[in-house]
Amino acid sequence: MTTTAPFWLGTSWKMTKTLGEAGAYADALRSAVEAEDVPPDLRLFVLPAATSLAVVHDRLAGSGVTIGSQNAHPGPDLAVTGEVSMDMVRDAGASLVEIGHAERRTLLGETDDMVADKVAAAVSAGLTPLLCVGETAAERAHGETADVLTRQVRTALGRLEAAVPDELLVAYEPHWAIGSNGRAAVPEEVAEGIAVVRDELDRHLPGARTAVLYGGSVNAGNAADLVTGLDVDGLFVGRAAWTVAGLLDLAHRCADALRNRGLRQPNPDLVSAIVRKDQR
Ligand code: 13P
């Protein structure tokens with residue numbers, strides 16, 4: 001990450017919030033932005049449910065907060081009952097679209113191939129993909145983390161053909177770290193994943209504007225350590241940012257940690273343990 005690149009901080013609301021709650025969150029966030037209670041070096045994003053995209057977009061228009069969808073169907077066939085298309089979520093105000101979240105992969109059977117279709121469709125529709133990758137606890141226990149992440153990133157980018165996205169966000173979200181049954185990861189556990197993702201992005205999209213985020217049980221207690229201890233371009237949060245107070249608290253912790261980052265020496269054990277390109 002260059003020193004001028006923004007630091008991403010955002011939340012997926014998953015299946016929470018009625019229309020009224022979504023609008024109230026957006027109003028409160030807008031007030032915080034207007035009161036300059038959001039550190040300027042952060043790029044905030046929120047991913048409402050599809051039902052609330054339009055209202056959140058309307059309420060946050062011009063605030064600088066980026067709006068995204070948690071999912072969209074790749075099409076091109078529009079006769080897919082119950083889905084919403086990339087064009088529809090863009091029309092409702094999304095500029096980001098999340099693709100391949102762990103919950104969709106495990107609960108809904110989203111495969112690497114489906115993820116690849118969605119990434120290509122998102123780019124064609126003018127949306128910025130927020131691609132989620134991550135290993136399961138069993139894969140980590142078997143030492144397969146690097147292989148799994150390499151495969152997930154490589155496959156996800158495999159249908160872009162000549163189209164290079166203007167911008168691509170990738171969130172490294174180990175499955176074992178997500179949600180109320182998840183175990184918060186420590187920087188040492190996350191470092192390998194971040195490095196593997198960066199390496200794979202450099203290989204397939206050299207020179208592209210990419211950002212690598214970490215997600216999974218980020219909270220007020222661990223955010224500063226994750227920011228200071230990792231070469232990460234952002235944090236992707238669930239539960240801890242489902243209130244505006246929670247999001248703002250994390251924003252200030254991240255901004256403080258970013259200011260301390262340059263003071264810390266890289267940990268040589270992490271650096272040497274990370275990517276073994278020649279073994280893949
Ligand atoms: P939690 O922060 O609630 O673990 O969720 C993280 C997540 O899934 C973000 O995509």
Side-chain angles (χ1 to χ4, degrees), residues 1-2 5 7-8 10 98-106 110-116 118-120 128-160 164-165 167-178 182-218 222 225-237 261 264 266-280:
M1 179 172 134
T2 66
F7 186 88
W8 294 85
E98 183 180 1
I99 297 170
H101 188 272
E103 286 148 12
R104 297 195 61 83
R105 291 180 190 259
T106 54
E110 194 153 294
T111 63
D112 286 343
D113 275 347
M114 292 158 81
V115 167
K118 290 185 179 191
V119 169
T128 297
L130 167 52
L131 167 67
C132 298
V133 295
E135 81 287 0
T136 64
E139 287 163 343
R140 174 164 279 256
H142 291 119
E144 295 166 6
T145 300
D147 287 344
V148 168
L149 296 177
T150 301
R151 188 201 72 228
Q152 288 179 345
V153 176
R154 187 185 56 228
T155 313
L157 304 180
R159 305 221 168 121
L160 284 172
V164 176
E167 186 163 46
L168 176 73
L169 309 186
V170 181
Y172 170 48
E173 302 206 313
H175 292 203
W176 47 269
I178 294 173
R183 177 180 68 74
V186 295
E188 287 73 8
E189 293 172 310
V190 180
E192 177 189 18
I194 298 281
V196 170
V197 170
R198 274 198 202 290
D199 185 52
E200 209 51 28
L201 288 174
D202 284 349
R203 192 184 309 253
H204 297 287
L205 292 175
R209 197 148 51 105
T210 56
V212 182
L213 287 62
Y214 167 73
S217 293
V218 173
N222 60 19
D225 282 348
L226 289 164
V227 173
T228 315
L230 287 173
D231 174 27
V232 70
D233 303 316
L235 295 178
F236 187 15
V237 190
R261 217 184 208 180
R264 188 154 154 160
N267 177 340
D269 293 339
L270 292 186
V271 173
S272 63
I274 288 171
V275 190
R276 286 174 279 274
K277 296 181 191 172
D278 48 347
Q279 293 178 8
R280 299 205 310 275

Side chains of [X] and [Y]: does their closest heavy-atom pair fall under 4.5 Å?
{"X": "His175", "Y": "Thr106", "result": "yes"}
{"X": "Glu173", "Y": "Tyr214", "result": "no"}
{"X": "Thr210", "Y": "Leu169", "result": "no"}
{"X": "Leu226", "Y": "Val232", "result": "no"}
{"X": "Val197", "Y": "Val133", "result": "yes"}
{"X": "Gln152", "Y": "Val115", "result": "no"}
{"X": "Glu103", "Y": "Ile178", "result": "yes"}

Pair Arg104 + Glu98, salt bridge at N-O below 4.0 Å: no
Are any of the side-chain nitrogens in Asp233 or Arg198 under 4.0 Å away from the carboxylate oxygens of its partner? yes
Between the side chains of Tyr172 and Glu135, is a donor N or O closer than 3.5 angstrom to an acceptor N or O? yes
Which residues pass the side-chain hydrogen bond (donor to acceptor under 3.5 Å, both in side chains) test with Arg154, sequence neighbours left out? none
Paired with Thr145, the side chain to side chain contact (heavy atoms under 4.5 Å, CB included) test is passed by just one of Asp147, Val148, Leu149, namely Leu149
Side-chain donor or acceptor of Arg159 paired with backbone N/O of Ala120 under 3.5 Å: no
